[in-house]
Amino acid sequence: MPEQKSYYERHVFFCLNQRNNGEDCCADHRAQEGFDRCKSQVKAAGLAGPGKVRVNKAGCLDRCAGGPVAVVYPEAVWYTFVDASDIDEIVESHLKNGQVVERLLLPAQVGR
């Protein structure tokens, strides 16, 4: 049986979860801005669509302590970010050129 290619080469999920109980969450750390920036940058770079990159909203990814967070599949690379330049670097380096942005990696032990 021939190997089936994934519909998207890479899939990026941004946690946009908002907690109403006072606990820290990605939504309190400008996650929506990061998502919007990534989506627009991926589109502007011509990386969006089938066979390329899909940027999606996600609910809680249970790594709140590192928020805001995003994860890139199929590599399962977890990122944290603070501003538009971080997002631009992820798009340019990882999504466009396949190079993980080491300085933005979420440490493996960071959870909720």
Side-chain angles (χ1 to χ4, degrees):
M1 190 168 190
E3 185 180 330
Q4 185 174 348
K5 190 171 178 174
S6 179
Y7 191 74
Y8 295 109
E9 179 184 11
R10 290 196 175 88
H11 213 139
V12 187
F13 294 93
F14 278 79
C15 177
L16 301 183
N17 193 54
Q18 177 67 63
R19 295 193 184 282
N20 297 321
N21 61 2
E23 288 183 37
D24 204 18
C25 61
C26 289
D28 290 343
H29 296 281
R30 302 171 49 200
Q32 181 70 51
E33 289 176 38
F35 168 80
D36 293 341
R37 177 72 179 197
C38 187
K39 196 145 178 96
S40 68
Q41 292 299 94
V42 162
K43 188 173 182 181
L47 299 174
K52 298 178 185 174
V53 176
R54 172 76 181 174
V55 180
N56 271 94
K57 298 175 183 178
C60 185
L61 296 173
D62 213 27
R63 302 202 63 194
C64 317
V69 299
V71 60
V72 179
Y73 286 110
E75 298 99 324
V77 173
W78 290 81
Y79 287 114
T80 186
F81 54 91
V82 295
D83 57 24
S85 66
D86 288 348
I87 296 297
D88 293 350
E89 189 173 352
I90 292 168
V91 170
E92 182 65 27
S93 182
H94 191 154
L95 303 182
K96 192 173 187 180
N97 297 315
Q99 298 293 343
V100 171
V101 183
E102 300 283 337
R103 72 176 190 84
L104 297 176
L105 290 177
L106 185 63
Q109 72 277 12
V110 174
R112 192 162 176 186

Subject >> Stepwise side chain to side chain contact (heavy atoms under 4.5 Å, CB included) check, Arg103 with Leu105 >> reply: CA-CA 6 Å; Arg103 72 176 190 84; Leu105 290 177; over 6 Å; no
Original post:
Of Val53, Asp86, Leu95, Ile90, which meets side-chain contact (heavy atoms from CB on, under 4.5 Å) against Cys38?
Top reply: Leu95
Original post:
Taking only residues two or more places apart in sequence or in another chain, which ones pass side chain to side chain contact (heavy atoms under 4.5 Å, CB included) with Tyr8?
Top reply: His11, Arg54
Subject >> Hphob cluster co-occupancy, Val110 + Val100, side-chain heavy atoms under 4.5 angstrom >> reply: no
**OP:** Report whether Phe13 and Phe35 are members of the same hydrophobic cluster (ILVMFWY, side-chain heavy atoms less than 4.5 Å apart, transitive linking).
**Re:** no
Subject >> ILVMFWY cluster, Leu61 and Ile87 together (side-chain gap under 4.5 Å) >> reply: no
**OP:** Kindly determine whether Arg19 and Asp24 satisfy side chain to side chain contact (heavy atoms under 4.5 Å, CB included), including the steps that lead there.
**Re:** CA-CA 7 Å; Arg19 295 193 184 282; Asp24 204 18; over 6 Å; no
**OP:** Find out whether Ser93 and Val101 are in side-chain contact, i.e. whether some heavy atom of one side chain is under 4.5 Å from a heavy atom of the other.
**Re:** yes
Original post:
Looking just at side-chain N and O atoms, do Gln99 and Asn97 make a donor-acceptor pair shorter than 3.5 Å?
Top reply: no
Subject >> Atom pair SG (Cys25) and CG (Leu16), whose distance is rounded to the nearest 0.5 Å >> reply: 10.5 Å
**OP:** Would you check, one step at a time, whether the test side chain to side chain contact (heavy atoms under 4.5 Å, CB included) holds for Lys57 with Phe14?
**Re:** CA-CA 5 Å; Lys57 298 175 183 178; Phe14 278 79; over 6 Å; no
Subject >> Among Val71, Val12, Val72, Leu106, the one residue meeting side-chain contact (heavy atoms from CB on, under 4.5 Å) with Tyr79 >> reply: Val72
Original post:
Would you say the side-chain atoms of Thr80 pair up with the backbone N or O of Leu104, donor to acceptor, closer than 3.5 Å?
Top reply: no
Original post:
Does Lys96 reach the main-chain N or O of Val91 with its side chain, forming a donor-acceptor pair under 3.5 Å?
Top reply: no
**OP:** Would you list the pairs meeting side chain to side chain donor-acceptor pair (under 3.5 Å) in which at least one residue belongs to residues 66-77, sequence neighbours left out?
**Re:** Arg10-Glu75, Glu75-His94
Original post:
What are the two closest heavy atoms between Ala31 and Cys15, and how far apart are they?
Top reply: CB-O, 3.2 Å
Original post:
Which atom pair, heavy atoms only, marks the closest approach of Lys39 to Val55?
Top reply: NZ-O, 3.2 Å
Subject >> Residue pair Tyr7 / Pro50: nearest heavy atoms and the distance that separates them >> reply: OH-CG, 3.3 Å
Original post:
Taking atom CZ of Phe81 and atom CZ of Arg37, what is their separation to the nearest 0.5 Å?
Top reply: 12.5 Å
Subject >> Test log, rule side chain to side chain contact (heavy atoms under 4.5 Å, CB included), inputs Asn17 and Cys26 >> reply: CA-CA 6 Å; Asn17 193 54; Cys26 289; 5.6 Å; no
